[in-house]
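Counting starts at 1 for both ligands and their atoms, following the listed order. Position 1 is the first residue of the sequence; numbering continues from there.
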Amino acid sequence: MSTSEAIPVVLVAGYLGSGKTTLVNHLLTHARDHRIGVIVNDFGRVNVDALAVAGQVDAMLPMGNGCLCCAVDTAGLDRMLKRLAEPELGIDAIVIEASGLAEPRDLVRMLLSSENPRVAYGGLVEVVDAVEFEANRVRHPELDEHLRFADLVVLNKTDRRDDPGLVELVRKVSEGRPVVRSAFGAIDPGLLFDARERKPVARQLSFDDLRHSDSEVHEHLHDAYRSVEFSSDTPLHPRHLLAFLTERPAGLYRMKGPVRFAVPGYDDRFLLQTVGPYLRFHRSPWGAEAPATRLVLIGTGLDEDDLLARLAACAEPAELPERAILPLLKYCE
Ligand SMILES: Nc1nc2c(ncn2[C@@H]2O[C@H](COP(=O)(O)OP(=O)(O)OP(=O)(O)O)[C@@H](O)[C@H]2O)c(=O)[nH]1
């Protein structure tokens, strides 16, 4: 299996009672054509309650909707990832629900150090209780740091408190992380990951798909996040693209798509994937696909015109020497 097909592993963290299980269950029940594997990193306490998983550690249950659930302790994480990533399971994404007391950094570190080529870091989602936000910050000052470490913040329980000032505060504390509001964890799975191979990339993230899929989720979508598409037949200058990627706008959560460069010897398909600050390219031949850059950018508060103009400015029709691409190769798998 090529790394371009690596399964994203999304970590869902957040303080006790913030709504992590509710969000995970929402993802499972709104999976549409995604197949999601769930790992409850809960140090013994199984709490995927809405799915009635009354298992013991390492239990793995095939669910009616095609999902798999299991519970695992930290030591077993790698083993569970390996099992869930078996190609015959056809899993599109793996979601790990951290214990409310877990240190998200440890989980991220563990994931990034995984040597399993079938899985890839898919982002740290920090769930925040809108009602208890200020009180929890006082009781647990480390929560501020968790927010700064997150790739995406889900401000949950907005049915009980929906305050624009709070969104601003969360954005400030998290130092500009993308923030989406939710009630009962109702975020669109398409924000976190794509369905693999069953649909062409161009459709995976289209608003039309989302519009016609689920009205409840859809209601949150417009103000929750947006996707911006950029395409160019003209090759991009690797250094200019890297400069863009280094200065990604704060609200940009993830980015994906093939990139074309005009560097002799490097005219392959460079599949770009970013989540938060993480960035990688997977290089492979174009095959039957027409060489062109086609990127989808997903985030909150994105300035589409600015993004498109900055990406268009990366176009460089002239052939470039090898040294132009060298700095980018360290992000290649
Ligand atoms: N009103 C309201 N209640 C919510 C929302 N999301 C979750 N809850 C409730 O809040 C409680 C805690 O939700 P969970 O999803 O179990 O939270 P958790 O973060 O998994 O909790 P721990 O596993 O204990 O850390 C449950 O009673 C949920 O039904 C929401 O958006 N609005």
Rounded to the nearest 0.5 Å, what separation is found between the CG atom of Leu143 and the CZ atom of Arg137?
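Leu143 atom CG to Arg137 atom CZ measures 9.0 Å (nearest 0.5 Å).
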
Could you tell me whether some N/O pair between [X] and ligand 1 is separated by less than 3.5 angstrom?
{"X": "Thr158", "answer": "no"}
{"X": "Ala183", "answer": "no"}
{"X": "Gly185", "answer": "no"}
{"X": "Arg160", "answer": "no"}

Check Leu236 against Val259 and note the closest heavy-atom contact, atom names and distance.
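Nearest heavy atoms, Leu236 then Val259: CD1-CG1, 3.9 Å.
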
Nearest heavy atom to [atom] wins, so pick from [options].
{"atom": "atom 6 (N) of ligand 1", "options": "Asn156, Leu16, Asn25", "answer": "Asn156"}
{"atom": "atom 9 (C) of ligand 1", "options": "Lys157, Arg161, Arg181", "answer": "Lys157"}
{"atom": "atom 17 (O) of ligand 1", "options": "Gly19, Ala130, Ala98", "answer": "Gly19"}

Check: Tyr225 and Leu302 side chains under 4.5 Å, non-hydrogen atoms:
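No; the side chains remain at least 4.5 Å from each other.
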
Lys/Arg-Asp/Glu bridge criterion (N-O < 4.0 Å) met for Lys157, Glu132
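Result for this pair is no, no salt bridge flagged.
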
Charged N-O contact under 4.0 Å between Lys20 and Glu97
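No, Lys20 and Glu97 are not salt-bridged.
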
With backbone taken as N, CA, C and O and side chain as the heavy atoms from C-beta onward, which portion of Asp159 lies under 4.0 Å from ligand 1: side chain, backbone, both, or neither?
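It is the side chain that gets close, since no backbone atom is under 4.0 Å.
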
With a 6.0 Å cut-off (strictly less than), is the heavy-atom count around CD of Glu88, excluding the residue itself, greater than 12?
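Atom CD in Glu88 is packed in, count exceeds 12.
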
Do the ring planes of Tyr15 and His140 sit parallel (below 30°), tilted (30 to 60°) or perpendicular (above 60°)?
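Answer is tilted, since the angle falls between 30° and 60°.
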
Give the atoms of ligand 1, by number and element, whose distance to some non-hydrogen atom of Glu97 is under 4.0 Å.
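Near Glu97, the atoms of ligand 1 are 20 (O).
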
For ligand 1, is there an atom lying under 4.0 Å from some heavy atom of Ser18?
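Contact present.
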
